[in-house]
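All figures in this text were calculated on a predicted structure; none of them were measured in a lab.
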Amino acid sequence: INSVAGLTVALLFGLMALPAAWILREAKGAHALKHPPRNRLERKADGVARKQTGQTKGTWAVMLTSAIVVAAQDVLITFLPVWAVSKSVSANTVAVLLASRAVFTLFIRLFSTRLVAQFGRKAVLISSIVSGCLGFISLPFVGGPPSFISMFFLGIGLGIAQPITLVMLMDQVDPSSRGAALGLRMFGHRLGQLALPLAMGGVANLGGLNLSWWS
């Protein structure tokens, strides 16, 4: 495997994204002008109101769901080569499987807005999580071409949950607190990426690779 070529391709894709990032950048300070910071008493009163309505609990649930989904992506990328060795699947096939998972993710995101409008965020989110679980559960039973079916379910499950949880989080926090909420969300992502792969590695060591997928 030519790792230099792979890194070069990744670098080129990153450079291709820079023009779009520059075009979509927000004017400096525009968000701050629209949402000025609130004083301590206003933030405290808002926090009490959110606790009374149960929004705080919903916010933590959304953050936890998002963290698990991000960590699950890392688990897939980490353990898929081990799965490939156990199934005698070539490295090229693993690369195609990961690419197909990304394609399925992009495909479902094209229709995510319509799905949410028709069925609601909660129903779509639950369905996507179920789809991801089906993808993980089915991996130990397949190998070769049938494994693309698992990638289909994983692409849907790991693709549509992220944008939905982000929108749900932004709706549940005050505009002036969105920066802090996003920072906490990223911290949860990194914590999940640290804890879940370690836990899965322990499960795989004790109960085998198949048990790690099912857990």
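- A continuous path of ILVMFWY side-chain contacts below 4.5 Å connects M151 to I149, so both sit in one hydrophobic cluster.
- V130 and V124 fall within the same hydrophobic cluster, where Ile, Leu, Val, Met, Phe, Trp and Tyr residues are linked whenever their side-chain heavy atoms come under 4.5 Å apart, directly or through other members.
- Between G132 and L154, the closest heavy-atom pair is O-CD2, 3.5 Å.
- Between V96 and F148, the closest side-chain pair of non-hydrogen atoms falls below 4.5 Å.
- Using a 4.5 Å heavy-atom cutoff, the side chains of W83 and V89 are in contact.
- Atom CD1 of I156 and atom CZ of F111 lie 11.0 Å apart (nearest 0.5 Å).
- The two residues S147 and V142 come nearest to each other via the heavy atoms CA-CG2, 3.7 Å.
- The line from CD1 of I164 to CD1 of I160 is 4.5 Å long, rounded to the nearest 0.5 Å.
- Heavy-atom minimum distance, S100 versus L97: OG-O, 2.6 Å.
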Discussion item. Using the rule given for side chain to side chain donor-acceptor pair (under 3.5 Å), can you reason through T93 versus S90, listing the C-alpha separation, both sets of side-chain angles and the distance that settles it, and then say yes or no?
Written reply: CA-CA 5 Å; T93 302; S90 66; 2.8 Å; yes
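- Although no hydrogens or angles enter the test, the distance criterion places no donor-acceptor pair under 3.5 Å between the side chain of R101 and the main chain of F152.
- Here the shortest heavy-atom pairing between Q73 and L158 reads NE2-O, 3.2 Å.
- Considering all non-hydrogen atoms of both residues, T105 and G159 come closest at CG2-CA, 3.3 Å.
- Side-chain contact between L76 and L139 is present, with heavy atoms from C-beta onward closer than 4.5 Å.
- Rounding to the nearest 0.5 Å gives a distance of 11.0 Å between CG of L110 and CG of L115.
- Side-chain polar atoms of S131 and S128 form no donor-acceptor pair below 3.5 angstrom.
- Atom CZ of F104 sits in a crowded spot, with more than 12 heavy atoms from other residues, nucleotides or ligands closer than 6.0 Å.
- V85 and V94 fall into different hydrophobic clusters, where Ile, Leu, Val, Met, Phe, Trp and Tyr are joined by side-chain heavy atoms under 4.5 Å apart, directly or via other members.
- No continuous path of ILVMFWY side-chain contacts below 4.5 Å connects F13 to L18, so the two sit in separate hydrophobic clusters.
- Side-chain N or O atoms of K87 include none that pairs as donor or acceptor with a backbone N or O of F141 at under 3.5 Å.
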